[in-house]
Amino acid sequence: MIKRLSNSKTYQLTGAFFLILIPYLLFAEGETLVLDQRKAEDIAVENSPELRMLGGQQMIKALLVRENWRAYFPTASVSWFRNANVVENDSESRSQRLALTLDQVVYDGGRRYLALQAALNDLNLSKFDFLLGINNLKFKVRSAYYNLLSNKAQLEIQKRSIDRQKEQLRFAKREKQLGDSTELQVLQIENRLNEIILQSKRTETAYQSGIEEFKIQLRLPSTAKILLSADILNGITFSYKEIPIEQLIGLAMQSRVEFERNKAAEMQALSEFEIAKSFYIPTVSVGGYYAGSGDRFEPRQREYGFNFKLSMPIGPNTLQDTSNFISRGDDTNRSLTSTTSMNIMDNMQYKRKIAQTGISAEQARITRKQQDDIVRIEVIKALQNYRQSWESMIIADENAKLFEKRLKIKEKEVSLGDAKRVDLAETEIFYLQAINTMITSRVQYLTTVSQLEMAVGASLDSLELIKIKK
């Protein structure tokens with residue numbers, strides 16, 4: 001049964017990035033790290049700076065949500081004004097004023113709500129990105145691990161072939177001394193031996209380079225020594241399941257994180273577009289203050305006031321109007337003031353924001369609508385590759401077994417004198433090619449199984465087609 005990758009897990013990832021701030025382990029000088037596939041993936045996740053950055057972005061976007069919530073509440077400020085005035089040949093004068101001021105936006109055309117929704121959707125996007133980042137990183141690590149297993153297995157097979165060819169060359173040289181073999185036959189066998197040695201050198205170079213690149217991928221110290229515990233020739237059990245395409249597509253439609261991600265991205269883009277389009281809607285706020293003034297602390301002369309503010313863009317300009325009511329001296333001194341001003345050409349970017357956010361919203365809508373077809377095609381393609389790679393692996397395994405039998409038969413014929421050692425050397429080359437093809441086909445099958453699991457949105461290894469012996 002396929003294990004579905006639950007979207008609810010994405011909401012548990014908000015604090016998960018703190019775990020990857022802890023180094024995986026410290027290496028002692030000369031220590032060898034034995035890696036299986038799971039351990040390699042865990043180390044990569046623990047040490048990944050990209051995931052750490054995504055985790056940090058989650059924290060930042062969560063703080064941004066808090067900031068947008070704050071816009072719904074009044075702003076407050078406390079001010080303390082102190083003044084001392086000294087005039088020559090006159091008395092010194094002092095004054096102090098302590099005031100508490102409040103201001104509350106009462107109408108902004110819904111911009112605060114849209115900004116909050118955009119921030120919430122952006123936070124959801126970061127959670128989906130974090131989950132996708134983990135899955136993609138694990139897939140890259142296991143692909144690199146499979147390639148290393150391939151090189152490791154090829155080295156083992158080539159080493160055995162080299163040992164067999166060296167033995168045949170030694171026999172051929174003795175036979176030449178006895179007159180049972182010619183110089184040309186010895187040279188042909190030696191030539192085949194050199195071909196295998198050359199292949200082994202190339203494979204060893206690729207393997208050592210792959211190990212160093214793998215350490216970089218896992219963010220391990222350069223001094224760390226790595227040993228792969230898996231064996232692609234004898235340590236992995238391969239199996240196959242015929243899964244209906246409609247079942248896989250249905251699971252993908254339910255489980256793929258991209259659907260929720262694209263919905264969140266579209267909602268965010270639409271919110272930003274609505275904010276840009278509502279530029280002309282005025283912002284209305286009311287406020288008030290309460291203060292005390294006098295020539296010493298604590299000021300005892302009380303005053304209070306109320307204000308009404310309006311700010312409204314008019315095209316590229318901004319109109320502002322402020323009205324204030326002030327009461328002093330126990331309401332014996334009252335005043336009403338009003339100020340209207342217009343900033344000229346201070347909002348030139350409003351058209352650009354409308355066009356830019358409109359294009360982004362349309363792109364997000366198109367992406368969301370295309371996601372069904374994209375996922376369907378990815379599942380169909382992954383299933384086709386999975387089936388073909390299984391068939392190829394079966395054929396390659398059978399072919400390798402046939403060449404192994406031919407090699408043993410040829411060895412028997414050579415020992416009985418019914419075949420030449422040159423023929424055995426030729427068979428050895430063909431056998432190596434068949435083994436390399438078998439190893440490559442196994443790696444391809446391992447990769448296509450993981451690709452199928454990712455295409456349907458299931459957790460890696462949930463198909464349970466691969467069993468690695470411990």
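All residue numbers refer to positions in the sequence shown, counting from 1.
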May I ask you to say whether [X] pairs ionically with [Y], meaning some side-chain N is under 4.0 Å from a carboxylate O?
X    : Y    : result
E266 : K263 : no
E204 : K159 : no
E378 : K381 : no
R442 : D397 : yes
K61  : D129 : no

* To do: Mark yes or no: R406 above the aromatic ring of Y431, with NZ or CZ under 6.0 Å from the six-membered ring centre and no more than 45 degrees from the axis.
  => no
* Taking the side chain from S200 and the backbone from I196, do they hold a donor-acceptor pair closer than 3.5 Å? -> no
* Asked: Can T203 and Q158 be counted as having a side-chain donor-acceptor contact under 3.5 angstrom?
  ->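 The criterion, which ignores hydrogens and geometry beyond distance, is satisfied for Q158 and T203.
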* **Distance-only side-chain donor-acceptor flag, S161 / E428, under 3.5 Å** =>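 E428 and S161 do have a side-chain donor-acceptor pair below 3.5 Å.
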* Identify which one of E195, Q154, Q199 satisfies the side chain to side chain contact (heavy atoms under 4.5 Å, CB included) criterion when paired with L432. =>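 Only one option passes, and that is Q199.
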* Asked: Tell me, do T437 and N399 make a side-chain contact under 4.5 Å, heavy atoms counted?
  ->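 The answer is no; the side chains never approach within 4.5 Å.
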* To do: Would you mind reporting whether D122 and L125 have side-chain heavy atoms less than 4.5 Å apart?
  => yes
* To do: Report the C-alpha separation of L227 and L35 in whole Å, then their side-chain angles, then the decisive distance to 0.1 Å, and conclude whether the side chain to side chain contact (heavy atoms under 4.5 Å, CB included) test is met.
  => CA-CA 6 Å; L227 178 63; L35 290 179; over 6 Å; no
* To do: Name all residues meeting the salt bridge (charged side-chain N to carboxylate O under 4.0 Å, His left out) criterion together with K215; count only those two or more places apart in sequence or in a different chain, and write none if there are none.
  => E212
* Asked: Got a sec, which pairs hit ring-ring contact (aromatic ring centres under 6.0 Å, His included) with one end in residues 370-395, sequence neighbours left out?
  ->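 Those involving residues 370-395 are Y240-Y386, Y240-W390, Y386-Y445, W390-Y445.
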* **For the student: nearest non-hydrogen atoms of G109 and I281, plus distance** => CA-CG2, 3.5 Å
